[in-house]
Structure formats: C-alpha cells, structure tokens
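First the structure, in the form of structure tokens, and then the observations on it.
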There are 2 protein chains.
Amino acid sequence: MTDVLARVVRVARGQEPADVVVRGGRVVDVLTQQVRAADVAIVGDRIAAVGAGLAGREVVEAAGRYVAPGFVDAHVHIESSLVAPGRFADAVLPHGTTTIVSDPHEIANVLGVAGVEWMLAASAGLDLSVLMMAPACVPASPLETSGARLEAADLLALAAAHPRVLGLAEMMNYPGVLAGDPVELAKLQAFADAGMLVDGHAPGLSGADVQAYLAAGVVSDHECLTADEAREKAAHGMTVFLREATNARNLLDVLPAVTPANARRFALCTDDRVPGELLDDGSIDALVRMAIGAGLDPLTAITMASLNAAEHYRLRDRGAVAPGRRADLVLFEDLQDLRPSLVLAGGRVVARDGERVGGGTAAPDGLPPTMNVAWRDDLRLARDGDRVRAIGLVEDQLITTSRIAELRGSALCDVAGPDPDADLLRLSVVERHHATGNVGAGFVAGFGLRAGALASSVAHDSHNIVVAAADDGDALVAARAAAELGGGLVVAAGGEVRAAVPLPLAGLMADRPPRDVAADLARAEGVARELGCGVGAPFMALSFLALPVIPSLKLTDRGLVDVDAFALTDVFV
Amino acid sequence: MTDVLARVVRVARGQEPADVVVRGGRVVDVLTQQVRAADVAIVGDRIAAVGAGLAGREVVEAAGRYVAPGFVDAHVHIESSLVAPGRFADAVLPHGTTTIVSDPHEIANVLGVAGVEWMLAASAGLDLSVLMMAPACVPASPLETSGARLEAADLLALAAAHPRVLGLAEMMNYPGVLAGDPVELAKLQAFADAGMLVDGHAPGLSGADVQAYLAAGVVSDHECLTADEAREKAAHGMTVFLREATNARNLLDVLPAVTPANARRFALCTDDRVPGELLDDGSIDALVRMAIGAGLDPLTAITMASLNAAEHYRLRDRGAVAPGRRADLVLFEDLQDLRPSLVLAGGRVVARDGERVGGGTAAPDGLPPTMNVAWRDDLRLARDGDRVRAIGLVEDQLITTSRIAELRGSALCDVAGPDPDADLLRLSVVERHHATGNVGAGFVAGFGLRAGALASSVAHDSHNIVVAAADDGDALVAARAAAELGGGLVVAAGGEVRAAVPLPLAGLMADRPPRDVAADLARAEGVARELGCGVGAPFMALSFLALPVIPSLKLTDRGLVDVDAFALTDVFV
C-alpha cells in the first residue's frame, strides 16, 4: 500500500525519475496567484514535485504552454448531456474539466437509490473524477408522479456508503425550508449531524430569507440572477457558483460581484448542458473564457475554476499544481483565450488538441427498463368549453406564462384539439413509471409547430413522457415511439416517426459517443424546424414544461399546475 | 431533532425573537474583509442572522465594540498548560479562543489510546470547542521508554470512533517520511485513504525535501523559522500556522511571508504555552496583537485567526460571523490593540473583561496512576573517567549543544558527582512507566543551580522523571517526591522538598484553576532562583532535555543520545 507513497517521496527528492514529467511549462499557480516556469513531476496519479530540471521516464513537452490545474465543475447534472457518465467524460475531458461534482437528480426521479447506485457504478474508475451529491428533492413536488421517492434516511445512507458522495445536493425546496417543512429540515439535520455539506438552489433569494436558508445549513448557491444577489450571498458565507448552462445563462450578469476581497467564495458550474454545447462551446473552460473575456483577471478565473471549487468540497487532494495533489493538468497557449490543447487526468494524457485520448468506456448493464405505460387508445382531450388555460413558452427561460386561449372551430366538436394556425399545440404528459394510466392534458403556445408532434421521456423532474402536438394522432405515434425506444426524443408527422434520439438508459441517456447523440439531436431539431417549429432547442424547452416548481403554468401527469398557487387547476376556464 | 433548525429559520426570518441578540456592534466580516455595523441574532449555539434591528429575548449590548469570530488555535498541546482540558478552557476563553485543534501527544506517550480517550472525555461538552488530531509519533524515538506506542491502526481507530478527531497530528518524524520509513508511510496512507487531514512538523525543511513531505500527504506546518521558509511552504500548498509558543517564538520572523495573494494559506497557533503566559499574555489574541503590532492588516490577522484555520480543518460551521455558523464571538474595543472584553461561545457569554464566566469544570475520573518506578538506592553515577559529554543548555531554545567537560575533584572518588562551581549539574532520567529500573545518567551545563535539585515528570516526549541536581542526595529526594505526588514539578534542597507543583493527571496535568497552578509554578521557579538557577523557565528547559529528536545531545532513560548520529553514546569520553 505504501509503495507508491515511497516512490512519490523518492521522485520528489530527485532519487529516481518520475513516471511522467511535463517539461518546460508555465505553471499557473493558484496558490500564489503567479505564473512561473516549472516542470511537473508525476508518479502514478499524483504530482510529486513542481520545479526546475525534473527528470521522468516519459516526457510531455509543455513547450512554453501554460499548465493549470484541471478544472472542477462544481455542480452538474450528467443526465442533461443525454449520455452516460463514461461518454460525458469523453465530452468534457478535452475541455480541461477533470473533476465534476454531479447531482444525479434526474435518474433518481426515475429509479431512486438504484439509479444513483448505477450512476456511481457507471462513473467509477473513469479518467474523469466523478463526485456526487445526494439528490435532495425527489420528487420535486407532490403534484406529479415520479418513479421514486428519496427520504432523508435514503440520502444519508447513500452518502455513508459511498465515499464519492460528498453531501446533499441542491436543496431546491427552499420555500419548504423557509416554511419549516419538517421533511426538508430532517434532510438538512441529517447531513449537518454527519458533518457533510449541503448545496443550495435559491434563485432570487435575499434579505432575511437568504440568511434563514443559510442558517438552516445550506452553504452554496448556483442560481444567482444578479451581481447584487451574488454579493449578498457570498457576504453571508455562501460559496456562489457562477453558472452558464444551456438553458440558464447567468455568468455575465453575476460576474461583477467577484472582487479580490471575496473571490475565494466563488466557483464555476455548468449545471445543465446539452451534448452539442458541451462539445462545441465547452465545459468549465467556456466559463473561464467568458469570464476572462468580460475582464476578470485570468488567475482569478482559473482559481475559481479549480482551487475554490476544490476547497468548497474539501478536496485537499486537487485544485492546484502542487506536490501531493492529483496530476490533473490543463495545458494551453493563450491565457486570454484559454483553449486546452493537452489535458492530463490522474497523471495520464486524456485529451490532445480537443480530441479525447482513450475513453469510449461503455456503461455497465443493470438498469431496468423504465417505460411502464398503461396506454390509452388516443391522447385526445374531450371538449368541455371554449376557453382554455394555455402555457405560454418563454424561450431560453424555464418560466412560462399562463394565458387564456379561445378554442376555434366547431363548438359541436367533442374534441379539444390543437390549432396550429393559432400556434396552440396540445400538450400531454403520459405517466411512464407505474402504468397508472395518468395522462395530463393541456395546451402550449410558442412552439410554432405546424404539423406533427414532439415527444420526450426527458421531462423534468419526474421524466414522464411529454408530448407537444399539432396533430392528436401524431401525438400518440410520437409518445409510443419514445416508449418503444426505452425512452428518447421523437419527432412524428403524418402518422410516422420522422426522427428519434434513443435514450434507453432510464429514458434519459444513451450509451453512445456524445458526438453521435448530438448529431441525432441536431437532426431531430432540423425535422422539427421543417415542421414549422421556431424554438431553437425545442426538446430542451419541452422538457421543462412538466416541472411544476417553476412559475407560472406547467403540466404534469396529474394535470395542469398553477405553480404560483402550488395547486392543480382546470384546463377549461 | 429539527425543532432547533425550525426556530433558527423563524428567527432569521424575523418571525420570532432570537434567544440572544448582540446589539449594536461593528462586525468584523472576514468573508468580505470589511467592518460593518450589525446586530447578531443567536438561537441555541448558532448564529441565525446578522443585520440591523434584530430582536432577542436577551440582549447583549455591544455598544459599538467590534464583534469578531471566535479565534481558532490551529495547533496546541493542552498538556503544556499543566492543567486539564476544562481548566485550559478557563484560561483561553477569556482571550477569545473558542476552538482549539489539540494534539494530545503528551498524554498519549504516557497512556496511549486510553490517554487520548480520557482527553476526549475531559473535553466533551466544554464551552471551548476542543477538536483533536491523533498523535502521530508515539513514541518519538526508539531511544527511550515511553508509556505507550501508537500504530497506524490505533490512530485510525481513534479518528474513526470520534468525530472530534479530525486527522493525524503533526508528523514529526519527517526524516522517517523522507527516508521512506514504512511505519510512518503507513500512517500517512491510512489517513489519506480515510480522506482525513495530516498536519506537519518540519522545521527548516525546504527545496525537494519539503515537496517530498507534501507529496507524501502532509498539508500543514507550524515550525517555520523564517519568512522564506513559510513562503516556500505556502506556495507549495501547505497551510502555514504562525506559532508563538512559550518555548518557540517564531511569529515575527515568519510574518513577512504573508501577502494579500497568499494570506488564505496562513493560520495561527500557540503550540505550547505555560499557564502563566496563557493567562497574562494570552492565547491566539496575543498572536493577533503581535501581528497587528508588526503591521499586518487587522482584518487579515483576524481572518488568519478564524476563517483560515476553520477552512484548513474543513470546519464549515465556524470561522465567521455569519448565519448558520457557531455563535462564537469576540468583542473588543480597539482593532489595533485587540483586548477581548466579552466572549461568547456557542451563543453564551463565557468570559467578560478577561474573567471567565462559569467554567471550573472538573476533570473526569478514570486516569490510572502512572508513576511506576523501580527505585534504586540512589541516583549516583559511578566514575569511569575524567572527561564527560555534557549537555549545554541553550536558553529559550529546544536545541542543546554537546560539550566536553572535565570532572574536577579527587580522581580517587568513585562517584562522578555534580560540580556546581563549574555549573555542571548531574542529570538523570528515571523511567516511570513500566518499573524497568532504567536510569539514564549524564551532565548538563547552563542552569546555574548552586544547591539542591529540580525534578519533573513532564519530560518530552516519553515523560519519564528528569532530574537536574547540584547534589546527588537531593536528586533522589526530588525525583521520589515527584513520583509520590503522582507526577509533578519539585524543587528539593538540603534533603527536603522546598516547592512542588503536583501534576497527578498522567504526571502531566493538574485539575486545578490555571491561576493556582501558575502561582505554584512561579513559587517553585522562585525557589529555584534562590538556589542559584539563572534560567527564566527552568522546568520548561528541563522538560526538553529528554527529547531525543532535537539536536544535539539529550538524555533518555536509556542513556545519553547523540541526536545528530541518532544513537546512544557514552557519558565518559
């Protein structure tokens, strides 16, 4: 057991050559906030020494490039990439992200503890260090049917059993915490008693309420919308993660909060990124570039992307290019426009010039099928009036509006169908966990779809099948096709499937190269566009229409939810 | 279990009054590096909110005073105060130290795991938060007889069983680590595998060696002698504790290493302080004053004394005046000359105007007697030559010199006795754990004692009885008296005991008010002075003469140790 340690010591003392030396780089030293010329000597997965003239059996020429610590994504949902953990690693490692703290919230809503355990198994031994927080709010609300429910005891058991589970993930039910909900407080108390961290999620919270949230034991937040909000949260001792997600772009708004006096309280996170964006825009590197581009000192930006996240999560073994820490290194040419050209994780080259070296790790078996639907003959809605509450889509935002729409056409018709001419689609949410036969029915405006239907088994947070349709028949075709794939994204039109992205892992992920999934998704989006859809990321938009904790009007398998009233409401007015 | 949490939330939201409000203070906000006017609302032992106009059932008037987070002593040996943990708390709380990270290294050398367990029991539930690190090097060397031995498995078991044990204490055997000693590496590996911290102890280490020490997993150091050394250690990612101990005064030499860019890597510690110094000079407050007096920004100094130490030890629940953290608060009038006038710990007033409020907690029973000596008839040394190796005392330092001394007087005499006229005292170390009958014999120069003898059962690190005598008869009287007290410090002269400080707890500590023990010690030092002793703290000096890991010449129960050669050597040359 101590053989490696003994070698590390001998190498550090120059008594034998390192396994690998990264030679001739300019080390970005986040500990001293300086850049200095140095070699990095590596033994196994660990840095043995940083200095001049180090010898190694293998030499990686840095050739004057910058050598920064591997980036840490402080909060991310792997499932949003639509690929399994090993494939996610292939997407982010070329971008210099070598550690992620993930919240397997989506799969937990489908499969509960077994889903989290599978994510742990699927992320074990990857080149990417995958740490986790136990998903705090499963299900997100009582107004929907999820696949599973996690209690405080389940969550604590996960953390106790798995060293890679570091604490409790984003406590999204901040209204519950503020109201003193004993179920939520029990979770906070359990993790406090265990001495473990609790991450937060509290968009817009300020004043006495944010202090109450902190006082209850929540120590971070990644939902800041403004610099003032971030300034206040950091001043109260929260670690604030600046977020730039596919569907929530907050970094530039929040960045002015960061000052030399409080910078140690800030880290970076991607939260949710679709595969195409991860591949082409990037992971944490994209946030670092964006911050530097907006004027943040590059050393500060890189420190936020590494040391600060590591210290928040108490990971003393990483976050800096220094002896004793993990040999997670990002090499790049330009400090102002940071593009990783070589990435080492655990001492091994894992990506070069933006391409993954190695990888392709297949996901383990063991996930059960999760599409368990009691189908109806159709997804039509019986007409019960002329005016309906319709969900108004707000592009690039998770919130929706609630509007009243007139149903046109014959009042004699017994079906309340879609009206593409008025951009009024029929929205359905089909329960798919327990074959309850539940189908929520409503309307959505804003997609612009002229024909066909879009279906998705990714539908936050319970991940039932959500379908937006310009045609009731295509709605059923799309939904059934998604189920037959074991889950996925489907476009149907004219009674047949026109495009599909199979996501057979819990109905959320595919075990395929991210590039292939991104291409499939782009193809499906293209077909949707041909059918008239004017939304840039229609499946992303669709997936949030079922999330009944974000205002104003949403649809679950149990019906239409007035989120502001936190209650079910009628479609017909 | 969640009742308190629910109350904290309600108080923070202003829905009910706090238990206590500290009103009208100027909060020293180490999170933002600012001072701002604010009240502090407290529920139970926790801060619920910090802000304006907070209401409480009990009001503590800050009246414009500064309100800083309670100080954290990052590394201290309680035993050096000569009093039990509850009494130690009484000494340091009035000085604003509300958390200590202690290393029960001394009692571990006497009583092993049972001694550490007793320290945990004796420090449970005190107003002072007593955290511990498992003592790494028991015994300190194989060249002495200690009361116990702690292996890697013992240490890990302690840490696993007790949440207040945070990791492995100062790994003093840095030469062993650098040499790849598998016993020491096994300890480091065990704590690395457990994800726990390992503190360091490596005076003067630099270059490749300090990198090797870090690479082996050691993450702090409190032994820096110079600013350059501290700068280097901090740059490699160590947390550097600036130390100002009774017997090792390093703070001012090291302080210039602290800069705005690296300040987060520095904390403060007292290591070893005698009771009189703790009471009159202070605890961490004394270091803060000293640092500010030397020109350090007061906010930086207070941050080092609180947040930085808390973050090093991953104590997210303290280190700042902020919601959710422990209500450990220090109030004082003057930021430049910080004198705590009110101290709260866990939400309660524990000291006012330098006086302890409450306290006086008696130590638990359960410590066995530890003085187990097989006495000889006398402590005389048979003469075997005219020239001896004598230990040369270096006042205020732990190192000694090795010098050759001529034995004067009749060469016909069969006893090599002391020669007070030449300031050459007879030094003995009497084994007291296992009744082995071991007595180490040697000479020491530098005490100036003209008559009598000083004996101490505090004798680092094995804590056998060490006796320095100007008279062979008094040597035995003093040593036997120390044993009869169950341990202690004794001055004997003319065949009788002239002064004594009883230390019956493991021969190291008394369960008495620190002021009384300090007075006894002052009295004993006064008697020693009357007998000609010219050393300021003679018992402190005496206690380090038996520590065979600090150069150059030391004496253990097994004989004279040439520390540079790390081997026993002969008294007679």
Side-chain angles (χ1 to χ4, degrees), chain A residues 1-2 5-6 8-14 29 31-34 43 46-51 163 177-180 182 185-186 188-190 192-193 195 197 207-219 234-237 259-262 264-265 311 314 316-317 320 322-325, chain B residues 1-2 5-6 8-14 29 31-34 43 46-51 163 177-180 182 185-186 188-190 192-193 195 197 207-219 234-237 259-262 264-265 311 314 316-317 320 322-325:
Chain A
M1 280 301 289
T2 61
L5 219 46
V8 167
V9 168
R10 287 198 300 276
V11 167
R13 303 186 78 200
D29 188 342
L31 298 163
T32 58
Q33 298 291 299
Q34 289 171 333
V43 174
R46 188 182 293 225
I47 297 170
V50 181
V177 172
L178 297 181
L185 294 188
L188 300 181
Q189 188 73 53
D193 291 346
L197 292 173
D209 284 349
V210 77
Q211 293 211 50
Y213 191 55
L214 258 159
V218 182
V219 296
H236 288 312
T259 69
N262 70 10
R264 76 195 258 193
R265 309 239 72 78
E311 292 201 346
R314 305 164 168 177
R316 185 80 199 204
D317 69 342
R325 308 217 182 203
Chain B
M1 281 301 288
T2 62
L5 218 45
V8 167
V9 168
R10 287 198 300 275
V11 168
R13 302 186 79 199
D29 188 342
L31 297 163
T32 59
Q33 298 291 300
Q34 289 170 334
V43 174
R46 189 183 293 224
I47 297 171
V50 181
V177 172
L178 297 181
L185 294 188
L188 299 181
Q189 188 73 53
D193 290 345
L197 292 173
D209 284 349
V210 78
Q211 294 211 51
Y213 190 56
L214 257 160
V218 183
V219 296
H236 289 312
T259 69
N262 71 9
R264 76 196 261 194
R265 309 239 74 78
E311 292 202 345
R314 304 164 168 175
R316 186 79 197 204
D317 69 342
R325 308 217 183 202

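Just so it is clear, the values below take in all heavy atoms, side chains as well, and ignore hydrogens, waters and symmetry mates. Just so we're on the same page: letters track the sequence lines, and every chain starts at 1.
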Tell me which of these, A/A49, A/G14, A/A6, has more heavy-atom pairs under 4.5 Å with chain B than the rest.
A/A49
Among B/R46, B/Q33, B/H236, who wins on heavy-atom pairs under 4.5 Å with chain A?
B/H236
Do you know which of A/P323, A/A186, A/G324, A/A12 has the most heavy-atom pairs under 4.5 Å to chain B?
A/P323
Heavy-atom distance under 4.5 Å to chain A: side chain of B/R10, backbone, both or neither?
neither
Max heavy-atom pair count under 4.5 Å with chain A, selected residue of B/A208, B/P260, B/A215
B/A215
With a 4.5 angstrom heavy-atom cut-off, which part of B/A234 approaches chain A: side chain, backbone, both or neither?
backbone
In terms of heavy-atom pairs under 4.5 Å, which option from B/D29, B/L178, B/V8 contacts chain A the most?
B/L178
Taking all non-hydrogen atoms of both residues into account, name the closest pair between A/R316 and B/R314 and its distance.
CB-NH2, 3.4 Å
As an exercise, state the distance from CG of A/D193 to CG of A/L188, rounded to the nearest 0.5 Å.
10.5 Å
May I ask you to name which of A/T32, A/I47, A/V50 has the most heavy-atom pairs under 4.5 Å with chain B?
A/V50
Smallest separation among heavy atoms of B/L214 and B/V218, with atom names
CD2-O, 3.1 Å
Under 4.5 Å from any heavy atom of chain A - which part of B/A235:
both
For A/E311, give me all partners under side chain to side chain donor-acceptor pair (under 3.5 Å), at least two apart in sequence or on another chain.
B/R264, B/R265
Who among A/L31, A/D209, A/V43, A/V177 has the most heavy-atom pairs with chain B under 4.5 Å?
A/L31
The interface call for A/A190 against chain B, heavy-atom contacts under 4.5 Å, is neither
Max heavy-atom pair count under 4.5 Å with chain A, selected residue of B/G180, B/A216, B/A322:
B/A216
B/N262 versus chain A, heavy atoms under 4.5 Å apart: side chain, backbone, both or neither?
both
With sequence neighbours left out, what residues match A/D317 under side chain to side chain donor-acceptor pair (under 3.5 Å)?
none
